[in-house]
Amino acid sequence: MIWKEDIETMPLEDLKNIQSERLVSLAKYVYKNCPVYKKKFDNAGISPADIKGIDDITKLPFTTKIDMRDNYPFGLFSRPRTDLVEIHVSSGTTGNPTLVGYTRDDIALWSDVMARTLCCAGAEPDDTIQIAYGYGLFTGGLGFHYGALEMGLTIIPTSSGQTKRQLKIMQDFSPRILACTPSYALYMAEEAKEIGLDPRTSTWEIGIFGAEPWSESIRAEIESEWNMLATDVYGLSEIIGPGVSQECQYKDGLHIYSDVFYPEIINPDTGRSVAEGEDGELVITTLTKQGIPLIRYRTRDIVSLTTEACRCGRTSPRTSKIKGRTDDMIVVRGINVFPSQIEHVLLGIDGTHPYYQIIIDRQSHKLDSVDIMVEVDERIFSDEIKKMRELEGRIREEIQAVLSVGVNVKLVEPKTIERSMGKSKRVVDKRSL
Ligand code: DLL
């Protein structure tokens with residue numbers, strides 16, 4: 001599979017017809033095969049016969065992470081365990097992890113959407129791909145693997161870690177494509193320089209980065225460090241893994257495969273749809289999955305959606321980059337704070353590095369404190385104390401102006417903050433520990 005023009009450039013009315021047909025079958029399928037969904041439909045007073053087309057989707061109840069956890073491990077499945085050929089687990093922070101499973105047809109679907117993803121990023125059939133996402137229970141490594149197999153690429157399944165070996169493999173086998181988390185791409189650039197390798201001379205021309213939030217400033221940093229095109233890939237285990245949406249070369253939103261993953265954007269407080277272009281929570285219905293199809297799954301990721309045509313010719317709607325998570329929001333002294341707001345300020349200031357950590361604490365009976373550790377250039381550290389204090393003051397003021405919350409800023413030397421080879425942890429909330 002290389003470029004499926006009929007699907008990628010389908011007129012929106014045809015897309016809607018396919019979505020409608022698929023939703024009608026899906027409603028019948030889960031009602032018949034999954035007792036949890038039967039109960040959810042019955043409680044909402046909805047029968048599959050009420051679903052006549054995609055516009056009826058709002059009649060159906062939402063599915064949440066809580067439904068996944070309450071019915072752990074196999075309660076939300078529509079197929080018996082014996083029909084599953086693979087299972088994956090998404091690690092949560094509390095309680096049971098989330099289990100997802102695939103029938104053979106689901107693996108075919110995953111391979112297909114991942115091949116579309118690779119193609120969308122600009123991969124060609126003769127390419128070699130280095131897959132430095134973790135292989136294992138995490139869906140990143142194997143998801144890319146299936147897509148690359150489907151597309152016929154040459155796969156180097158390095159998984160994450162062993163950075164010096166990653167760099168040697170890149171030099172020896174000349175892959176054009178790199179797939180890993182954006183934080184690992186940055187870390188590899190640092191390591192490359194450490195061993196005297198100029199990252200700008202690497203053979204990687206296209207990067208497919210995701211699994212964690214990353215800003216345009218981090219994109220600019222990766223693109224200039226590695227001299228490559230850095231594209232964004234989005235997905236989540238509950239829906240399929242990576243392969244829900246992907247940026248094309250124009251980097252103007254992520255094309256969502258809405259013929260199989262139907263997107264809605266809602267106001268997370270009211271549950272109602274927001275107008276096109278407005279920010280809200282992304283809700284996805286898996287239109288064709290068999291093992292664990294999900295209806296109106298609340299991703300908690302905040303995006304906006306556009307149906308405007310893209311210059312690449314694909315007609316599927318595009319989401320913005322992920323702007324935050326409904327549950328990532330930190331409430332400090334009653335004010336809502338998103339880590340991305342802090343990142344945006346930091347990366348706009350000359351001399352700071354894309355490594356920072358936000359530490360929130362509460363001393364007994366005192367107000368919450370926000371300490372931000374920021375890595376800065378060596379040259380700033382060797383400057384006089386006065387200059388360092390000035391920079392700290394400037395960062396503090398700029399952040400306070402954006403957040404309306406007082407913060408403490410501490411500049412730290414390069415390489416002080418822990419590096420990540422998978423998803424990085426930028427916020428440490430000691431209040432909930
Ligand atoms: O992270 C799947 C994946 C693997 C996506 C490799 C892309 C590449 P989970 O571990 O279940 O699955 O985590 C899903 O990660 O709800 C988002 O909050 C976040 N996330 C994933 N991709 C992006 C992205 C994989 N491109 C959760 N930008 C999602 C921002 C992302 N956040």
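In this text, all values refer to a predicted model and were calculated from it rather than measured experimentally. Both ligands and their constituent atoms are indexed starting at 1 by order of listing. Numbers here simply count residues along the sequence, with the first being 1.
- In this structure, the protein non-hydrogen atom closest to atom 22 (N) of ligand 1 is Ala211 N, 3.1 Å.
- Judged by distance alone, the side chains of Thr117 and Tyr257 do bring a donor and an acceptor atom under 3.5 Å apart.
- Atom 28 (N) of ligand 1 has as its closest protein heavy atom Glu212 O, 3.2 Å.
- Counting only heavy atoms of the protein, atom 25 (C) of ligand 1 lies nearest to Gly235 O, 3.6 Å.
- Against a heavy-atom cut-off of under 4.0 Å, Ser237 is close to the following atoms of ligand 1: 9 (P), 10 (O), 11 (O), 12 (O).
- In plain terms, the two heavy atoms of Thr103 and Gln290 that are nearest each other are OG1-OE1, 3.1 Å.
- Near Tyr133, with a cut-off below 4.0 Å to any heavy atom, the atoms of ligand 1 are 6 (C), 8 (C).
- The pair Lys4-Asp112 meets the salt-bridge criterion, since a charged nitrogen lies less than 4.0 angstrom from a carboxylate oxygen.
- Shown in contact with Gly210 at under 4.0 Å from a heavy atom are these atoms of ligand 1, numbered in order with element: 7 (C), 8 (C), 26 (N).
- When the heavy atoms of Leu236, Asp301, Asp232, Val244 are ranked by distance to atom 16 (O) of ligand 1, first place goes to Asp301.
- For the pair Trp110/Tyr102, a side-chain contact is recorded, criterion being any heavy-atom separation below 4.5 Å from C-beta on.
- Taking every heavy atom of Ser90 and a limit of under 4.0 angstrom, the matching atoms of ligand 1 come to 11 (O).
- Counting atoms of ligand 1 from 1 in the listed order, those under 4.0 Å from a heavy atom of Gly140 are 4 (C), 6 (C).
- Judged purely by distance below 3.5 Å, without hydrogens or angles, the side chains of Thr326 and Glu281 never pair a donor atom with an acceptor atom.
- For Arg325, every heavy-atom contact with ligand 1 shorter than 4.0 Å involves the side chain, none the backbone.
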Run the side-chain hydrogen bond (donor to acceptor under 3.5 Å, both in side chains) test on Tyr184 and Ser424 for me, step by step, so that the C-alpha distance in whole Å, both residues' side-chain angles and the decisive distance to 0.1 Å come before the verdict. CA-CA 9 Å; Tyr184 194 40; Ser424 53; over 6 Å; no
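- Set against the non-hydrogen atoms of Pro242, the atoms of ligand 1 under 4.0 Å away are 2 (C), 3 (C), 4 (C), 5 (C), 6 (C), 7 (C), 8 (C).
- Look at Lys423 and you'll find a heavy atom under 4.0 Å from some atom of ligand 1.
- For the pair Ile359/Met373, a side-chain contact is recorded, criterion being any heavy-atom separation below 4.5 Å from C-beta on.
- Ring pair Trp214/Phe209 is perpendicular by interplanar angle, where above 60° counts as perpendicular and below 30° as parallel.
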